[in-house]
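For the numbers below, each heavy atom of this structure counts, side chains included, while hydrogens, waters and symmetry mates do not.
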Amino acid sequence: MARKDELGKLGEEQAARFLQGAGYTILTRNWRCAEGEIDLVVQRGVAVVFVEVKTRSSLSFGHPFEAITVTKLARMRRLAAAWCVQAERWPRQIRLDVIAVIAPTGREPVIEHLRGVF
């Protein structure tokens, strides 16, 4: 597996643990359809949250949040709707979040959570 893929999987695992520790229930990981993938779908209370995880080993090439573009947010919205249709689930509240994981080699990862980005 390529280093980038390993880092991405590490970040998603760290994000899932972080969210579980904050009281979220993981509904699914790496949900895919023809249009793309949602990293994590979680729930807390009545809210179903669609989470994009961005992981970097350092800030040398910018903060992970900088990779979230308007185009990416629009795709996340479409994917969230597709998930609801496929799951036949219509939550009272839907939210899109982004989690940044900065995971320097040999050090504890730093996790940042932006709620309701769109």
Side-chain angles (χ1 to χ4, degrees):
M1 183 180 297
R3 170 80 175 120
K4 180 183 172 205
D5 293 338
E6 289 177 20
L7 185 63
K9 288 205 178 292
L10 169 75
E12 287 177 13
E13 182 59 35
Q14 292 291 327
R17 285 189 208 154
F18 172 83
L19 290 169
Q20 287 175 313
Y24 291 83
T25 300
I26 306 294
L27 299 178
T28 190
R29 294 181 185 208
N30 304 111
W31 180 83
R32 288 182 172 88
C33 69
E35 187 153 348
E37 177 185 337
I38 300 172
D39 294 329
L40 297 168
V41 182
V42 300
Q43 183 170 0
R44 189 161 102 179
V46 299
V48 172
V49 183
F50 300 89
V51 183
E52 176 70 15
V53 180
K54 291 295 182 188
T55 308
R56 302 285 184 272
S57 59
S58 74
L59 297 177
S60 297
F61 295 102
H63 193 282
F65 289 149
E66 293 176 41
I68 305 300
T69 64
V70 172
T71 303
K72 179 66 176 175
L73 290 173
R75 182 178 304 122
M76 284 178 69
R77 277 186 60 161
R78 290 190 304 274
L79 289 168
W83 181 88
C84 290
V85 168
Q86 185 181 49
E88 295 183 356
R89 189 168 180 175
W90 303 104
R92 289 195 311 184
Q93 193 175 47
I94 290 175
R95 194 174 78 215
L96 302 180
D97 289 5
V98 179
I99 291 184
V101 179
I102 302 163
T105 303
R107 296 195 3 225
E108 200 61 31
V110 174
I111 299 171
E112 297 178 52
H113 184 188
L114 285 180
R115 293 167 186 83
V117 295
F118 200 79

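Among residues two or more places apart in sequence or in another chain, the salt bridge (charged side-chain N to carboxylate O under 4.0 Å, His left out) test is passed with R56 by none. Partners of D39 under the side-chain hydrogen bond (donor to acceptor under 3.5 Å, both in side chains) rule, at least two apart in sequence or in another chain, do not exist in this structure. In terms of the side chain to side chain contact (heavy atoms under 4.5 Å, CB included) criterion, A34 has no residue partners (sequence neighbours excluded).
For residues 73-85, the set of pairs meeting the salt bridge (charged side-chain N to carboxylate O under 4.0 Å, His left out) definition, not counting sequence neighbours, comprises E35-R78. Here salt bridge (charged side-chain N to carboxylate O under 4.0 Å, His left out) pairs that include residues 22-33, with residues two or more places apart or in two chains, are E13-R29, R32-E37.
Counting only heavy atoms from C-beta outward, the side chains of V117 and E52 never approach each other to under 4.5 Å.
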Compile the donor-acceptor pairs under 3.5 Å between side chains in residues 63-71 and protein atoms, sequence neighbours left out, one pair per line.
unit_1, atom_1, unit_2, atom_2, d
H63, ND1, F65, N, 3.0
H63, NE2, E112, OE2, 3.0
E66, OE2, H63, N, 3.1
T69, OG1, T71, N, 3.4
T69, OG1, K72, N, 3.0

Distance-only criterion, 3.5 Å: show the donor-acceptor pairs between side-chain atoms of residues 79-93 and protein atoms not counting sequence neighbours.
unit_1, atom_1, unit_2, atom_2, d
Q86, OE1, W31, NE1, 2.6
R89, NH2, Q43, OE1, 2.3

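Taking CZ from R17 and CD from Q14, the interatomic distance works out to 5.0 Å, rounded to the nearest 0.5 Å.
Its side chain within the 4.5 Å cluster rule, L10 clusters with L7 among the Ile, Leu, Val, Met, Phe, Trp and Tyr residues. In the hydrophobic clustering (ILVMFWY side chains linked at under 4.5 Å, chained through shared members), I111 is joined by F18, L19, Y24, I26, L40, V42, V49, V51, V53, I99, V101.
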